[in-house]
Amino acid sequence: MPSTASRGQILDVLLRTSRITEEQASAAMLKKRETEEPIEQVLIKQGLLKQEDIPQILEKYFRTPFADPGSQDVDKDVFGTLPEEIIRKYKVIPIGKKGNEITLAMAFPNDVVTLDDIQIITGYALRPVCALESALHALIEQFYNRESAAEKTENTQVFPDMENKTGAADGTPIIELVDSIMAGAVKARASDIHIEPQEKYLLVKYRIDGILNEGRFYSKELQPLITSRVKIMANMDISEKRLPQDGQIRAVLHKRDIDFRVSTLPAKYGEKIVIRVLDKNNFILDIPYLGFLPETQARFEEALNAVNGIILVTGPTGSGKTTTLYSVLNKIKSPSKNIITLENPIEYDLLSGRAREGGITQVQINHKIGLTFANCLRASLRQDPDVILVGEIRDEETGKVAMNAALTGHLVLSTLHTNDAVSTITRLTDMGIEPFLIASSLIAILSQRLVRTLCLNCREPYKPPKKIVESLKIKSPDGEETNVMFYRPKGCEKCGNTGYKSRTGIFELLLVNETIKTLIIEKAGTNRLREEAQKTGMIPMKENGIQLVAKGITTMAEIMRVSPG
């Protein structure tokens, strides 16, 4: 693979073919930094390169045809065959499509790693051609900036009849507008609403299936009216604009009970508002619906039979940890058990509906008055609990109290922000918790991510290249590598033209056996722990994801987007 270093493509090629010296290259780079011109223009001005020679030089070095993507109109449909994040990450442009083959303009068309990555992610066969690196960069920025401008022009709504020069928030049109924004989020299955003040507009965006979508622009004059209306609904102080605030809205939309958790943040152009949408109708608290592989689910449910010990669920924010823990409580709840949860915030009322028969007490943590996880956990131990859910272990004090509680006859459930199951052990020791305490109390660590699932109405099948199937060690449901079929997103009305609808989890489960306990006490490294965990049945998260790809549930793009490492 070629060295792209900081000198870039054309300079690298000229050096490798001995057309210029290191001294000339350094001088050109200095001049480029001064003038901010493309490096080839600097070289041309210095007499080291001719414009008409560039195609021949690149074609001869890379042994692929040369293309100038800037000289042709950008075909939006062809451009759209690759996700924006792939185009930006790898600095490539699809300039043609024939059947299942994409012609891909690249600065380094002999970069086999990039080609393999894109082929795995998209499923398309690739025909690489070389193009100037600066031309690729310019066209990518031009295309996406043009799209943003078009989107802004198309979606800008002035609503002159809704303007209220007094700034009052009780005008009926504003009430209807805010209601429509919130109702639209529920209809679109959004998890969050982002109301972002900008210099000249107010931008409203929805997060759907974990992805923040392109937004809709509103007149800047509506900003104080919308902000005030939301703050009134959430019982916030509308006169306080300098400090962050939190609030809650309860509503019935489309005959469904919805909770909206509101957070404001003072920013440069006004208060940004993020509204978490908690739709109880979509909140299925049942382990089989989380997306476990059958073998992982069986092992996890077996771990839940423990009378005492600690079970940790790990992953980044928004990876579904709380839903998993709520589902666990829904499974183990019983009139004969006293369950206490310590949460910040309480996201779902476990006493509603079918959970009424369970003896569950939910406690809201409040750091402002000293009601911390550690303090509340100590108080909970005097309440004769059987099961305690600690929303998050953030520090050494909470971790030690939780693990001591696990050693004294309680089942403790909690979360931690770590990349994978094995690194959780390292994180606990870094907090200052003694290895013997970890080894004695820990039952299992479940690490997870959420991936978008393909829309079954429009997903498009394709046969992945043989080398991809072999490298990923994938087999079809009938056990044959030759029959493996992948699917890619296409888009239709049912999925909002995204190609995806809903999400599912991918997991890795580490069960702490005697060997792993010994390794923890010996302070073994993560590689040794991971090796032992896999020997005893832990399926790595990426492998879990690949199995979902082989079943047509999701895509390699999704697995690579969320998988750690």
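Scope of the values below: all heavy atoms of this structure, side chains included, with no hydrogens, waters or symmetry mates. These numbers come from a predicted model, not from an experiment.
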Inset, instruction - Go through the structure and list residues passing side-chain hydrogen bond (donor to acceptor under 3.5 Å, both in side chains) with Ser319, not counting sequence neighbours. - result: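 Here no residue qualifies.
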Inset, instruction - Please list, chain by chain and in numerical order, all residues satisfying side-chain hydrogen bond (donor to acceptor under 3.5 Å, both in side chains) with Tyr124, sequence neighbours excluded. - result: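 For Tyr124 there are no side-chain hydrogen bond (donor to acceptor under 3.5 Å, both in side chains) partners, ignoring immediate neighbours.
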Inset, instruction - Answer yes or no: is there an ion pair linking Glu558 with Arg561, defined by an N-O contact shorter than 4.0 Å? - result: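 Yes, Glu558 and Arg561 are salt-bridged.
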Inset, instruction - Would you mind checking if Arg394 and Glu392 are paired as a salt bridge, meaning a charged N to carboxylate O distance below 4.0 Å? - result: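 Answer for the salt bridge query: yes.
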Inset, instruction - Indicate yes or no for a side-chain donor-acceptor contact from Ser563 to the backbone of Met560 under 3.5 Å, with no hydrogens or angles considered. - result: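 Side chain of Ser563 to backbone of Met560: no pair is present.
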Legend entry - Where Leu126 and Gln119 come nearest, the two heavy atoms and their spacing: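 Between these two residues, the closest heavy atoms are CD1-N, 4.0 Å.
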Inset, instruction - Taking all non-hydrogen atoms of both residues into account, name the closest pair between Gln448 and Met541 and its distance. - result: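 Between these two residues, the closest heavy atoms are N-CE, 3.8 Å.
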Inset, instruction - Answer yes or no: are there more than 12 heavy-atom neighbours, outside Glu52 itself, under 6.0 Å from its atom CD? - result: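 Yes, the 6.0 Å shell around CD holds more than 12 heavy atoms from other groups.
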Inset, instruction - Count the heavy atoms belonging to other residues, nucleotides or ligands that lie under 6.0 Å from NE2 of His417, then report whether that count exceeds 12. - result: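 Yes, NE2 of His417 has more than 12 neighbouring heavy atoms, counting only those of other groups under 6.0 Å.
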Inset, instruction - Report yes or no: is the cationic atom of Arg16 (NZ for Lys, CZ for Arg) closer than 6.0 Å to the six-membered ring centre of Tyr61, at no more than 45° off its axis? - result: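 No, Arg16 and Tyr61 do not form such a contact.
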Legend entry - Any side-chain heavy-atom pair of Ile208 and Arg189 under 4.5 Å: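 Side-chain contact under 4.5 Å: yes.
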Inset, instruction - Return each pair, listed once, that meets side chain to side chain donor-acceptor pair (under 3.5 Å) where at least one residue sits in residues 496-511; pairs must be two or more places apart or across chains. - result: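 Checked against side chain to side chain donor-acceptor pair (under 3.5 Å) - neighbours excluded - the pairs reaching residues 496-511 are Tyr500-Thr555.
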Inset, instruction - With rounding to the nearest 0.5 Å, note down the distance linking CZ in Phe108 to OG1 in Thr64. - result: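 Reported to 0.5 Å precision, the distance equals 12.0 Å.
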Inset, instruction - Tell me, with the steps shown, if Glu101 and Arg127 meet salt bridge (Lys or Arg N to Asp or Glu O under 4.0 Å). - result: CA-CA 7 Å; Glu101 183 182 76; Arg127 176 177 170 265; 5.2 Å; no
